[in-house]
Amino acid sequence: RHWKDLSAAKLELVDPTGVMRANYLTPWTNVLIQAGRYQEARDVATEALEIQTAADPVGYGAAATYHSFGDVLSAVGAFDEAIDAYERSIELKQSVFGADHPTVASTLASLSQAALEVGDVDRSVEAAEWAIAIVESTWGPEAAQLAVPLNNLATAQSRSGRLDEADANLRRSIAIVEATSGPDDPQLFYSWINVSTLEYQREELQRALDAGQRAASIAVSTWGTEHPLYAYAANNTGVYLMKLDRPAEAVPLLERALQIREAEAVDPLVLEVTRFNLGRALHDAGRRSEGRRLVEQALERVRPIGDRAAEDIDAFEAWLRGH
């Protein structure tokens, strides 16, 4: 924030509307994303993209801005638009640097995650594997830049039932980060979240809870308990506690996750799944009518999302029929 304010003051004097401003706005977008201020990040990224595409629509500056714009769109659940932005970024980066330049790998990793969110598992795997190949050929098999694409590949593999392969890639990602940055590096938050999900798929509930709590610890020490990323850990941990027949412990975690997600522009499907989880926890903790009302609200609000929410709609309806 300090350097952003200093840059802004200087740019007002020398370059109030030109490309230099966009070059300052794009990294500021990335800072806002890290801070969990997604709506503000979207506004800044939109302005940066308008400036860059007007001044130099085929240069690296535009490519970097498209990538940041994709990250913002992914954060708020606009995954189809995010994929379009990532594809444009990759196209521009390849035209400037070539098909296998390391900067292409970072956007491929982001594309992998967005593709998975719209259900395109094959494309997600392909993009992640391409990113891994680029990084390994550039920096070797222990490079820190492998952490993200390995996580994304593992997530795609777990979605398609390839749990052992997913586990191996997650453990490799964790080992790389711990060796290069230590056991509390923020990147490990994503790894431990994915480990917790994998263990949940295996019905290893205590292991899932342990991994979720490890992710939550990193989130708290890195971002605090107001950040949208902490909401992921709180939500997941709450679900595992419910499965372990500890709903009263799950309720405050899920309440916090819902508060965070209602306060910031996030993926609406993620928001309503959190509401559903809290409703179930409240019901199981003895607050039955309150819990059922929340699940009914979640069902009403998730219906307009459409096909991407089909499985969740079925789950919400099935729970209501049984309770």
Check against side-chain contact (heavy atoms from CB on, under 4.5 Å), Trp130 and Asp100: CA-CA 9 Å; Trp130 186 5; Asp100 295 322; 3.2 Å; yes
Applying a strict under-4.5 Å side-chain criterion to I, L, V, M, F, W and Y, I'd like to know whether [X] and [Y] cluster together.
X      : Y      : answer
Leu108 : Leu146 : no
Leu299 : Leu269 : yes
Tyr232 : Tyr190 : yes
Met242 : Leu209 : yes
Ile313 : Phe316 : yes

Is there a side-chain contact between [X] and [Y], using heavy atoms and a 4.5 Å cut-off?
X      : Y      : value
Glu264 : Val76  : no
Leu32  : Thr29  : no
Asp185 : Glu178 : no
Val72  : Val44  : no
Lys93  : Ser89  : yes
Leu49  : Leu25  : no
Phe79  : Leu116 : no
Glu262 : Thr274 : no

For [X] and [Y], which heavy atoms make the closest approach, and how far apart are they?
X      : Y      : result
Leu170 : Ser191 : CD2-O, 4.2 Å
Pro247 : Ala281 : CB-O, 3.8 Å
Ile305 : Pro268 : CD1-C, 3.8 Å
Tyr38  : Ala265 : CD1-O, 3.1 Å
Ala109 : Asn152 : O-ND2, 2.5 Å
Ala45  : Phe69  : CB-CD1, 3.7 Å

Within this structure, what is the [atom1]-[atom2] distance for the pair [X] and [Y], rounded to the nearest 0.5 Å?
X      : Y      : atom1 : atom2 : answer
Leu92  : Thr53  : CG    : OG1   : 10.5 Å
Arg162 : Gln157 : CZ    : CD    : 4.5 Å
Leu278 : Arg287 : CG    : CZ    : 7.5 Å
Gln187 : Ile218 : CD    : CD1   : 10.0 Å
Ser158 : Asp164 : OG    : CG    : 12.0 Å
Gln213 : Trp192 : CD    : CH2   : 12.5 Å

Chi angles and distances behind the side-chain contact (heavy atoms from CB on, under 4.5 Å) call for His67, Ile90: CA-CA 8 Å; His67 182 128; Ile90 291 168; over 6 Å; no
Ignoring hydrogens and geometry beyond distance, is a side-chain donor-acceptor pair present between [X] and [Y] at under 3.5 Å?
X      : Y      : answer
Thr26  : Ser68  : no
Glu117 : Gln113 : yes
Asn235 : Asn277 : yes
Gln39  : Arg42  : no
Gln52  : Asp56  : no
Tyr86  : Asp71  : yes

Is the backbone N or O of [Y] less than 3.5 Å from a side-chain atom of [X], with the two atoms forming a donor-acceptor pair by type?
X      : Y      : value
Asp120 : Ala115 : no
Ser196 : Ala208 : no
Ser137 : Ile134 : yes
Arg308 : Val118 : no
His323 : Trp319 : yes
Thr197 : Ile193 : yes
His227 : Gln34  : yes

Can you confirm whether [X] is buried at [atom1], in the sense that more than 12 heavy atoms of other residues, nucleotides or ligands lie under 6.0 Å from that atom?
X      : atom1 : answer
Asp307 : CG    : no
Arg301 : CZ    : yes
Glu87  : CD    : yes

Are any of the side-chain nitrogens in [X] or [Y] under 4.0 Å away from the carboxylate oxygens of its partner?
X      : Y      : answer
Glu136 : Arg172 : yes
Arg303 : Asp312 : no
Asp167 : Arg202 : yes

Stepwise salt bridge (charged side-chain N to carboxylate O under 4.0 Å, His left out) test for Glu290 and Arg293: CA-CA 5 Å; Glu290 184 181 358; Arg293 280 197 303 273; 5.5 Å; no
Glu300 and Arg275: CA distance, side-chain angles, deciding distance, salt bridge (charged side-chain N to carboxylate O under 4.0 Å, His left out) verdict: CA-CA 11 Å; Glu300 179 182 353; Arg275 196 183 313 278; over 6 Å; no
Ring centers of Tyr60, Phe97 separated by less than 6.0 Å: yes
Criterion side-chain contact (heavy atoms from CB on, under 4.5 Å) on Thr103 and Val96, from CA distance to verdict: CA-CA 10 Å; Thr103 191; Val96 174; over 6 Å; no
Stepwise salt bridge (charged side-chain N to carboxylate O under 4.0 Å, His left out) test for Lys243 and Asp284: CA-CA 11 Å; Lys243 285 290 186 177; Asp284 292 349; over 6 Å; no
Thr222 vs Phe189, side-chain contact (heavy atoms from CB on, under 4.5 Å): CA-CA, chis, key distance, verdict: CA-CA 9 Å; Thr222 304; Phe189 166 82; over 6 Å; no
Plane angle bin for Tyr200 and Tyr240 - parallel if under 30°, tilted between 30 and 60°, otherwise perpendicular: tilted
